[in-house]
Participant: 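Before I ask anything, let me first share the structure, which is written out below as structure tokens.
All chains are named by letter (A, B, ...) in the order of the sequence lines, taking the proteins before the strands, and each is independently numbered beginning at 1.
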Number of protein chains: 2
Amino acid sequence: MALPVAAVPLRADKIGNARPFLSLEGRQKLALIASLSRYDAGEVLFHEGDRATCILNIVSGVGKSYSFLPDGREVIQAFLFPNDLIGPLDGDYFISTVKAITPLVAYSLPLAALLQLLQSDPNLQWQFLTKACHELRLAQQHAIALSQNSAKQRLLMLLNLLRLHNEPLGAEASQIHLPMSRADIADYTGLAVETVSRALHQLQREGVIRLINPQCIEIMDQAIFTAALVSEG
Amino acid sequence: MALPVAAVPLRADKIGNARPFLSLEGRQKLALIASLSRYDAGEVLFHEGDRATCILNIVSGVGKSYSFLPDGREVIQAFLFPNDLIGPLDGDYFISTVKAITPLVAYSLPLAALLQLLQSDPNLQWQFLTKACHELRLAQQHAIALSQNSAKQRLLMLLNLLRLHNEPLGAEASQIHLPMSRADIADYTGLAVETVSRALHQLQREGVIRLINPQCIEIMDQAIFTAALVSEG
DNA sequence: CGCGGCGTTGATATTAATCAATACCCGTGG
DNA sequence: CCACGGGTATTGATTAATATCAACGCCGCG
């Protein structure tokens with residue numbers, strides 16, 4: 001039986017620290033084997049169980065990687081942002097489905113060529129290893145946030161995650177864009193959609209945030225946010 | 001400011017697939033720079049914020065890596081088992097505290113020497129990268145299990161994790177040893193200790209498990225277990 | 001104008017946290 | 001050998017939170 005292989009997003013963002021995705025040199029080497037792909041909003045990039053022939057490096061747009069529970073519910077393991085890598089480095093198959101939430105553009109890197117490149121270039125491979133470690137931390141933080149049984153805490157964690165991805169947009173730092181639906185938020189936080197809605201409005205009543213519209217939230221109280229972050233250096 | 005660095009356990013176990021921790025060749029190379037360390041039960045191996053000078057490869061015993069929430073509660077990010085690696089590969093500091101649950105023996109690998117070795121040996125580095133990807137999947141599964149708001153499901157997930165680490169012991173495959181306290185289980189699953197106790201006893205009433213003693217559980221209904229596993233190949 | 005998807009709001013049921021008390025295990029010392 | 005004490009596990013009663021069921025509002029689109 002084949003190895004189960006996850007969508008492994010290797011994120012380039014930072015949690016307080018600037019972290020370039022790859023060195024200039026690394027990008028140039030990868031560019032030699034890359035080609036550009038475009039996807040519509042709602043389009044599935046990979047299905048769970050698909051054989052992986054390439055991995056993607058998101059240029060623009062937002063995606064999600066998810067699986068289905070036995071009861072048919074959807075669980076979102078991660079939202080995928082520009083500079084994220086999607087695909088199994090250590091196996092042949094996708095263990096989760098990946099879908100575009102917004103229109104999405106990505107570089108496609110043939111897996112065979114990539115692996116060969118990594119084997120021949122310890123520095124480049126090291127950058128991937130570093131990113132995997134970083135991604136592992138994000139997954140652990142996600143788990144930590146989920147282990148706190150509070151709807152508000154879970155949502156604040158997600159908002160903070162989204163905030164980190166806002167900056168490149170040059171938008172007001174205090175405004176957070178939510179490209180995904182309430183259902184997606186619910187599936188990521190493990191809450192019911194109704195609870196998501198209620199908790200957001202409660203945070204608004206408490207003066208922490210302001211709901212400009214369903215897809216845009218303004219942070220009113222920065223202090224609460226830092227309080228929601230768990231053990232970050 | 002220094003990079004935040006997680007305890008990065010790179011697990012050698014498998015989820016359905018045998019996965020040697022390292023090749024024989026890799027082990028031999030690491031042995032050249034390793035030394036043996038012993039820890040008592042309850043002893044702290046590393047404190048959050050410690051500068052990392054070495055990473056550990058657990059030989060025997062069980063540990064836990066955890067942080068504290070603002071309210072003082074403890075969150076366990078991972079239990080650590082033989083063959084796990086503990087330590088930051090991509091930074092200088094530990095982001096979580098690591099404590100021995102049982103007496104613990106580990107190989108200590110000086111970080112500087114290890115990094116140099118990885119730089120010079122793409123094959124060895126590849127094995128570390130593979131393990132990081134594998135570990136990432138485990139963390140994502142942990143998150144998935146936590147996102148299900150059911151005490152029973154969360155506990156079944158943990159029991160399954162422990163079951164995978166039982167096999168080397170040669171014990172009856174259906175018996176699971178729980179080296180950690182109920183408080184540790186609560187901190188890992190995000191439940192209250194009382195809920196852990198109640199849910200375990202409820203599972204016993206339902207005929208799924210049998211509580212031989214607080215530290216030993218027998219699986220009575222294997223089918224329920226597979227049902228608790230989410231999207232495993 | 002009506003339809004359908006999405007988001008919100010309300011009422012109720014279920015679940016787990018919390019507070020409090022008791023039982024168990026085990027080592028120590030009388 | 002047995003009483004004692006401290007940590008750990010369990011059980012009970014109550015409270016708080018969220019899931020669930022149901023309805024409604026909003027809005028873009030045919």
Participant: Nearest 0.5 Å, please: how far is CD1 in B/I212 from CZ in B/R210?
Facilitator: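 Separation between the atoms: 4.5 Å.
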
Participant: Would you please confirm or rule out a distance under 4.0 Å between OP1 or OP2 of C/dG7 and any side-chain N or O of A/Q215?
Facilitator: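 So the side-chain polar atoms of A/Q215 do come within 4.0 Å of the phosphate oxygens OP1 or OP2 of C/dG7, strictly under.
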
Participant: Figure out the NE2/P separation between B/H201 and C/dA23, and round it to whole Å.
Facilitator: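 So the NE2-P distance, B/H201 to C/dA23, works out to 15 Å.
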
Participant: From CD of B/Q153 over to P of C/dT15, roughly how many Å is that when rounded to an integer?
Facilitator: 13 Å

Participant: Let's go through A/K64 and A/E74 carefully: what are the C-alpha distance in whole Å and the side-chain angles of both, what is the deciding distance for salt bridge (Lys or Arg N to Asp or Glu O under 4.0 Å) to 0.1 Å, and is it a yes or a no?
Facilitator: CA-CA 11 Å; A/K64 62 176 177 178; A/E74 194 176 302; 3.0 Å; yes

Participant: Is B/K99 salt-bridged to B/D40, cutoff N-O under 4.0 Å?
Facilitator: no

Participant: Distance check needed: C/dA16 C1' versus B/N149 CG, whole Å only.
Facilitator: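 Going from B/N149 (CG) to C/dA16 (C1'), I get 10 Å.
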
Participant: In this structure, how many angstroms lie between the P atom of C/dC6 and the CG atom of A/D184, rounded?
Facilitator: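 After rounding, the gap between these two atoms is 10 Å.
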
Participant: Quick one: A/L155 CG to C/dT8 P, roughly how many Å, whole number?
Facilitator: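 Between P of C/dT8 and CG of A/L155: 11 Å.
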
Participant: Roughly, in whole Å, what's the span from CD in B/Q148 to P in C/dT15?
Facilitator: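 After rounding, the reported distance stands at 15 Å.
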
Participant: Distance check needed: C/dA23 C1' versus B/N213 CG, whole Å only.
Facilitator: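 In whole Å, C/dA23 C1' lies 16 Å from B/N213 CG.
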
Participant: Decide yes or no for A/L80 and A/V62: does some side-chain heavy atom of the first lie under 4.5 Å from some side-chain heavy atom of the second?
Facilitator: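 They are not in side-chain contact.
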
Participant: Please say which of B/D187, B/V98, B/V75, B/I76 ends up in a side-chain contact (heavy atoms from CB on, under 4.5 Å) with B/Y66.
Facilitator: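 Testing B/Y66 for a side-chain contact (heavy atoms from CB on, under 4.5 Å) against B/D187, B/V98, B/V75, B/I76 leaves exactly one candidate, B/I76.
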
Participant: Mind calculating the distance between CD1 (A/I101) and P (C/dC6) to the nearest angstrom?
Facilitator: 13 Å

Participant: Name the orientation class of the two ring planes belonging to B/Y188 and B/F79 (parallel below 30°, tilted from 30 to 60°, perpendicular beyond 60°).
Facilitator: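 Taking B/F79 first and then B/Y188, their aromatic rings sit tilted (interplane angle of 30° to 60°).
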
Participant: Considering only heavy atoms from C-beta outward, does the side chain of A/L203 approach that of A/E206 to under 4.5 Å?
Facilitator: yes

Participant: Say you draw a straight line from CZ of B/R198 to CD of B/E194; how long is it, rounded to the nearest 0.5 Å?
Facilitator: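 Result: 6.0 Å between the selected atoms.
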
Participant: With a 4.0 Å heavy-atom cut-off, tell me which residues in residues 185-198 of chain A come close to DNA chain C, sorted by residue number.
Facilitator: A/E194, A/S197, A/R198

Participant: Just the endpoints, please: which first and last nucleotides of DNA chain D, 5' to 3', lie under 4.0 Å from a heavy atom of chain B?
Facilitator: D/dA9 to D/dA19

Participant: Which residue, A/L56, A/T97, A/I55, forms the side-chain contact (heavy atoms from CB on, under 4.5 Å) with A/F46?
Facilitator: A/L56

